[in-house]
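A, B, ... follow the sequence lines: proteins, then strands. Residue 1 opens every chain.
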Number of protein chains: 2
Amino acid sequence: MSAHATHECVQLVPIFQELEASQLDTIESIVQHHHYQTGETLFNAEDSLDTLLIVAGGQVKVYQLAANGREQLLYLLQTGDIDGEAALFENKQRTSYAEALVPTDICSIRRDDFQQLMQQYPSISINVLNVFGKRLTQLEKQTTSTATESVEARLANYLTETAASLDVQAFKLPLKKKDLATFLGTTPETISRKLTRFEKQGLITQKPGKVIQINDADQLLLVE
Amino acid sequence: MSAHATHECVQLVPIFQELEASQLDTIESIVQHHHYQTGETLFNAEDSLDTLLIVAGGQVKVYQLAANGREQLLYLLQTGDIDGEAALFENKQRTSYAEALVPTDICSIRRDDFQQLMQQYPSISINVLNVFGKRLTQLEKQTTSTATESVEARLANYLTETAASLDVQAFKLPLKKKDLATFLGTTPETISRKLTRFEKQGLITQKPGKVIQINDADQLLLVE
DNA sequence: CGCTGATTTGATTGTTATCAATACAAGTGG
DNA sequence: CCACTTGTATTGATAACAATCAAATCAGCG
C-alpha cells in the first residue's frame, strides 16, 4: 500500500512529466511518506523550510495570519498539488500555515535532494516555473478581486468558476463557510446572507449537504 | 549610449548572476532596447506574451483591471526588475497592463531566446525561480493584508516598510496618491485622510514634495 | 501666468463586520 | 439508536469603516 503510494506520488505530479521511467524510479527512492489526520498541522509559519510537499491524496488548506490575527486562506491544495516553492530558494522560513482538511497523504522531498534533481533534469525547473507562473497568475487575480470587487461579486465569481472548472451545474462546496470566508476575504455570516440573496433572486438553489446549484451563470457573472 | 546601456541591462539583473563574461556577451547580443515616455503603455492585457522585460532604468507600474473596471496595482518595477514571468510558460496572453511612470528604458528578450538560454545555463532557471518565489511571497502577503486588515493598518505598514527598506526616516512617496490607492486597495481620499490622522497623532510629519517623515515607527506598526 | 491634473476637505451613503442568539448538523458515547 | 456535546450555519440588530459625490485648494508645467 505504501509502496504503491510511492508510485502514485511521483506520477501524480505535473512537475515530473517528461521524465523517463528510470528517472522516476530515482525520485521515488528519495521520497518520504507522511499521513495526516483531519485538522492536523503540516507546518507553521516560522518553521524552517526544507522540504517540497506533494499531496498524494486528500486536501490541505494553506493560509496566513495577518497582524490582527485574522486568517487568510491562500491555497486549497488537492491531490497532485505541490507546496514548498520557497524550498528551492534562499528563504529559510515559511510564511504560511498548512492544515489537513481531510485525512491526507503527503510525499516530501528534501530541499537538497530536490535542488540536485533540478540540476540533473532541467525540465523539472521549467515545469516548476510553470507551476509558479500559474500560481502567480491566480494570486494576482485574487488580489485584484479582493481589493476591488464587492463580496457579492467575489462570491458569485467563485461559484461560477468552481462550477465551470468541474463542468457541472451543481457541486458541493469543498470548504466550510468559515474557510470559504477567509478565502474570499469576508465572514461566514456575510456568505450566508449573500447565498440566501442569490437564491431569492433565482440565481442559485441551495440543497442539503452544502450543495449549490447554479441556475443562471450569466446573471451571476453580472453581479456587482 | 545604447551600446553602453546593453551592458548595464544584463549586469543589472540578478537572474544573470553567476554567468561568465562571455556568456553575458551572448545574452547582450540578443537583447533589444526600447524607450518609453511617461504615461506610455508597455503592454496591455490580452497582448500576446512573448518577451521578457528588464527595466534598465525608470519606473513602471503593472496593474490589472477588475470586472467593474477598477484598477489594482500589482507591482512597481524599478531598475533591475524583470517582468514577463509567464513569458516562459504556456500562457500566451498577458493578464495585466504596464505603464511607464517616468521616462523608462527597457531591454527585452524574446521568449524563444530566453527559453534557450535557460536550457543552456540552468543557473538562470534557478535564479528565475528565486525571483518568482520572492514575488509569490510578496503577493501572498499583499493578499492577506488587503483582505484582512484595515486601510489604516495597511497604509501604516506600507509607510514603515518603505522607510525601513530605504533605511531612512523620511522619504518621498514614489507614487501618486491615486496609484498608491490602487496598490493598497483604497481611494486617494481615504489616503489623504489617514495621513492627516497619523500626523495629528504625531506618528508622521508630511513635508512638501510628497515627503513623509516617520516619527514613531513602533506606534505605526501597532495601528489596527 | 494660466491651465490641468492632483490633492484635500466636507457631507452623505452603503456595504459589510460585529455582536448576540438561535437553529442545525454531525459525531460520540452510553 | 438515542441523547448529548460540539462545532457549524443562519438570522437579526447595530455600528463602523470607507466609498462616493461634490467642491475647493493646491502644484506643477507649458
Ring geometry between A:Phe16 and A:Phe114 (parallel below 30°, tilted from 30 to 60°, perpendicular above 60°):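 Rings of A:Phe114 and A:Phe16: perpendicular, as their planes differ by over 60°.
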
Nearest-Å distance for atom pair [atom1]/[atom2], residues [X] and [N]:
{"X": "A:Leu155", "N": "C:dT16", "atom1": "CG", "atom2": "P", "result": "11 Å"}
{"X": "B:Glu199", "N": "C:dT7", "atom1": "CD", "atom2": "P", "result": "16 Å"}
{"X": "A:Lys200", "N": "D:dT10", "atom1": "NZ", "atom2": "C1'", "result": "12 Å"}
{"X": "B:Ile191", "N": "C:dA6", "atom1": "CD1", "atom2": "C1'", "result": "13 Å"}
{"X": "B:Glu152", "N": "D:dC17", "atom1": "CD", "atom2": "C1'", "result": "10 Å"}

Side-chain donor or acceptor of B:Asp216 paired with backbone N/O of B:Gln219 under 3.5 Å: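 Flag set: sc B:Asp216 to bb B:Gln219 pair under 3.5 Å.
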
Pair of N/O donor and acceptor under 3.5 Å linking D:dT10 base with A:Arg197 side chain: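 Flag unset: no donor-acceptor pair detected.
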
From [X] [atom1] over to [Y] [atom2], what is the distance, rounded to the nearest 0.5 angstrom?
{"X": "B:Gln206", "Y": "B:Ile204", "atom1": "CD", "atom2": "CD1", "answer": "5.0 Å"}
{"X": "B:Ile212", "Y": "B:Leu195", "atom1": "CD1", "atom2": "CG", "answer": "5.0 Å"}
{"X": "A:Ile30", "Y": "A:Ser108", "atom1": "CD1", "atom2": "OG", "answer": "10.0 Å"}
{"X": "B:Gln213", "Y": "B:Leu159", "atom1": "CD", "atom2": "CG", "answer": "12.5 Å"}
{"X": "A:Lys194", "Y": "A:Leu203", "atom1": "NZ", "atom2": "CG", "answer": "12.5 Å"}
{"X": "B:Tyr97", "Y": "B:Glu46", "atom1": "OH", "atom2": "CD", "answer": "6.5 Å"}

Annotated protein contacts, base or backbone, on nucleotides 25-30 of chain D with a non-hydrogen cut-off under 4.0 Å, one of B, S, - each: ------

Residues B:Thr190 and B:Thr187: side-chain donor-acceptor under 3.5 angstrom: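 Checked: B:Thr190/B:Thr187 side chains pair up, N/O donor to acceptor below 3.5 Å.
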
DNA chain C: 5'-proximal contact among A:Ser150 and A:Glu189 (nearest heavy atom):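 It is A:Ser150, whose closest nucleotide lies nearer the 5' terminus.
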
Any side-chain N or O of [X] under 4.0 Å from OP1/OP2 of [N]?
{"X": "B:Thr190", "N": "D:dA19", "result": "yes"}
{"X": "A:Thr187", "N": "C:dT16", "result": "no"}
{"X": "A:Lys210", "N": "C:dA25", "result": "no"}
{"X": "B:Thr196", "N": "C:dT8", "result": "no"}

Among C:dT8, C:dA17, C:dG10, the nucleotide that comes nearest once only the side chain of B:Arg193 is considered: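 Selected nucleotide (nearest to the side chain): C:dG10.
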
Within residues 63-75 of chain B, residues whose heavy atoms come under 4.0 Å of DNA chain D: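 Within this stretch, B:Arg70 sit under 4.0 Å of the strand.
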
Those residues of residues 168-182 of chain A lying under 4.0 Å from DNA chain D by at least one heavy atom: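 The answer is A:Lys176, A:Lys177, A:Lys178.
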
A:Asp167 atom CG, neighbour heavy-atom count above 12 within 6.0 Å: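 Check fails, neighbour count at 12 or below.
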
Sugar-phosphate, base or nothing in reach of A:Gly39, heavy atoms under 4.0 Å: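 Nothing: the residue A:Gly39, judged by heavy atoms under 4.0 Å, touches no strand.
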
B:Tyr158 side chain reached by B:Phe183 side chain, heavy atoms, under 4.5 Å: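 The answer is yes; the side chains approach within 4.5 Å.
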
